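Small disclaimer: the values here were computed from a predicted structure and weren't measured. These values consider heavy atoms only, across backbone and side chains, with no hydrogens, waters or symmetry-generated copies. Sequence lines set the chain letters: A, B, ... in the order given, protein chains first and strands last, and positions in each chain run from 1.
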Amino acid sequence: MHKIWFVFRKDLLQEFNTRYAFNSILLFALITLTAVSFAIGTYSASDEVKAALLWIILFFSAMSGLSHIFVKEEETHTADTLKLLAQPYQVFAGKLLFNFFLLIVLELIIIPLFFVLMNFEVDSLPLFLLILLLGSFGLAGGGTMVAAIISKASAKGALFTVLSFPILLPVLIIGIDATKMVIQPENSASVYLSLQTLFAFGMVINTVSFLLFDFVWKE
Amino acid sequence: MLKLIFKIFLFLWLSAVIIGAFLYAPLAKGLGEYTRVLYFHVPMAWITVVAFLMSAIFSIFYLWQKNLIFDHYAVVSNQFGILFSLLATITGSIWAKVSWGAFWNWDPRETSIFILLLIYLAYFALRSAIELPDRRAALSAVYSLLAFVTVPFLIFIIPRVYSSLHPDPLINTEAKIQMDGRMLLVFMGALAGFSAFYLWMFTINKNIVQLRSQFEEKEF
């Protein structure tokens, strides 16, 4: 537990110094949000379109920055030191925690902006936040694991999106659908089924990642 | 000799299935001739699942024993998985055109098979990006397993949660098979015949990669 915290704090300090991942994720999200808001305007988009756009912005901004967590270790050749200092599961947990934290910070900035720029309204705010939380849980788990895989391959940047997109698409599909239900109050009853599925997906992908991480990390 | 008998038997069996599918089996009540695609589409989808399951098992074996031959087997299964999922998509899409009016309309079933295809194309993209054979084998095995756990979500859960128009006689929620006796006979025959056909093709490819890896060992 102590080591997990140590890895997380190390990455957080590094991030404070360089702000590489955070800048790329935040700016990517801002640019797409601006483009979308510019192209569609505030009033013309229907609720379905808004829900889809929100998740597409979140998903692809996550894709632009989540891989940095492992790629940087390979680029600066610090992975071997980290192998000596902590167990594989501790490294993975620390990195997962950091990516999850990164997504939450991104959402704290982007979601209010999305509400303002897109004239976005939800029926039940707590449910909406729960959807985002569970979605980020799945995104962070799958994203961190794929980041670990591609950090050992060549052509890292392009490969990350190619590999994570199909694995994380269930999050995107269920997330969009659940958000649609939250916007329109008459559908709110069936949103719990989507929440369960999101939660189940997050648990499954994170568990399998923990189990398989050893093989990637020692490679 | 035994192999030859097997081949002739399989040829006759599959011919009988094809003839039976068009001539012997009756039509489902109230539906047109297009339902006969059932005898080809469902076995293709079934083999897709079997191929990907086999690939996942070989990946586990590779990670366990670190023997490169299992990696080759996993690649072979994945190639067949892609081939058969394409066939299932095409047959399903033709059926969708006749019965729903469009080749493609993002029904949950169509979405899930499309994502399945993407996953396994990404598998080959990953393989081409890694040079070292050991590392390539380990990382693609991990990716294959990671992708495999999302398959149940795509095939079983998402179509259940979101209403699909896809008819589902084989693995439905009541676990009942609602088919006429003669239809069931042809259907099961097709399932068995195409599965045997798949295993035969797999064995041929398995022998090829075995021979190839033996030759490669001799060179060093």
Side-chain angles (χ1 to χ4, degrees), chain A residues 138 141-174 176-178 180-181 190-219, chain B residues 52 56 59-66 71 85 106-108 110-164:
Chain A
T144 311
M145 187 60 190
V146 175
I149 294 176
I150 60 119
S151 69
K152 312 274 178 180
S154 53
K156 299 178 173 71
L159 210 55
F160 183 63
T161 319
V162 171
L163 293 192
S164 17
F165 182 68
I167 287 189
L168 295 177
L169 212 56
V171 175
L172 199 64
I173 296 173
I174 306 164
I176 290 172
D177 213 71
K180 271 184 215 164
M181 289 179 207
S190 55
V191 77
Y192 292 102
L193 194 61
S194 295
L195 282 173
Q196 282 171 6
T197 321
L198 264 184
F199 178 69
F201 183 83
M203 287 311 280
V204 166
I205 201 94
N206 277 293
T207 313
V208 174
S209 301
F210 264 101
L211 291 175
L212 291 173
F213 182 68
D214 266 26
F215 296 107
V216 179
W217 189 233
K218 284 175 185 156
E219 194 48 54
Chain B
F52 289 146
S59 298
I60 293 174
F61 269 113
Y62 175 76
L63 291 177
W64 184 20
Q65 307 206 323
K66 299 282 175 193
D71 179 52
S85 58
W106 296 111
D107 187 80
E110 292 175 334
T111 315
S112 45
I113 196 129
F114 177 70
I115 301 169
L116 213 59
L117 261 172
L118 272 186
I119 287 178
Y120 290 98
L121 290 175
Y123 173 88
F124 285 102
L126 173 66
R127 290 189 72 85
S128 60
I130 310 169
E131 294 283 330
L132 294 168
D134 289 345
R135 176 176 278 193
R136 179 170 59 208
L139 293 182
S140 51
V142 168
Y143 182 70
S144 169
L145 287 175
L146 192 66
F148 191 74
V149 298
T150 62
V151 170
F153 280 90
L154 297 172
I155 293 190
F156 298 116
I157 298 177
I158 288 182
R160 294 285 178 283
V161 174
Y162 305 114
S163 56
S164 166

For this session: Determine the minimum heavy-atom distance between A:Phe160 and A:Gly143, stating which atoms define it.
Result: CE1-O, 3.4 Å
Exercise. Between B:Asp71 and B:Lys66, is there a salt bridge with N-O shorter than 4.0 Å?
Worked result: no
Problem set entry | Side-chain donor or acceptor of A:Asn206 paired with backbone N/O of A:Gly202 under 3.5 Å | yes
For this session: Would you mind telling me which of B:Thr150, B:Ile130, B:Leu63, B:Leu118 has the largest number of heavy-atom pairs within less than 4.5 Å of chain A?
Result: B:Leu63
Problem set entry | Neighbours of chain B found in residues 163-172 of chain A - heavy atoms under 4.5 Å | A:Leu163, A:Phe165, A:Pro166, A:Ile167, A:Leu169, A:Pro170
Exercise. Would the B:Phe52 and B:Tyr120 ring centres measure less than 6.0 Å apart?
Worked result: yes
For this session: Locate the shortest heavy-atom distance separating B:Ser85 from B:Leu117; write the atom from each residue and the value.
Result: OG-CD2, 3.5 Å
Exercise. So does B:Phe61 have more than 12 non-hydrogen atoms from other groups sitting under 6.0 Å from CZ?
Worked result: no
Exercise. Does any non-hydrogen side-chain atom of B:Leu146 lie less than 4.5 Å from one of A:Ile205?
Worked result: yes
Problem set entry | Selection from B:Leu139, B:Leu116, B:Leu132, B:Leu121 maximising heavy-atom pairs under 4.5 Å formed with chain A | B:Leu139
Exercise. Which bit of A:Ala158 comes within less than 4.5 Å of chain B, counting heavy atoms only: side chain, backbone, both or neither?
Worked result: neither
Exercise. Okay, side chain of B:Glu110, backbone of B:Asp107: is any donor-acceptor separation there less than 3.5 Å?
Worked result: yes
Exercise. Side chain, backbone, both or neither: which part of B:Ser128 has a heavy atom under 4.5 Å from chain A?
Worked result: neither
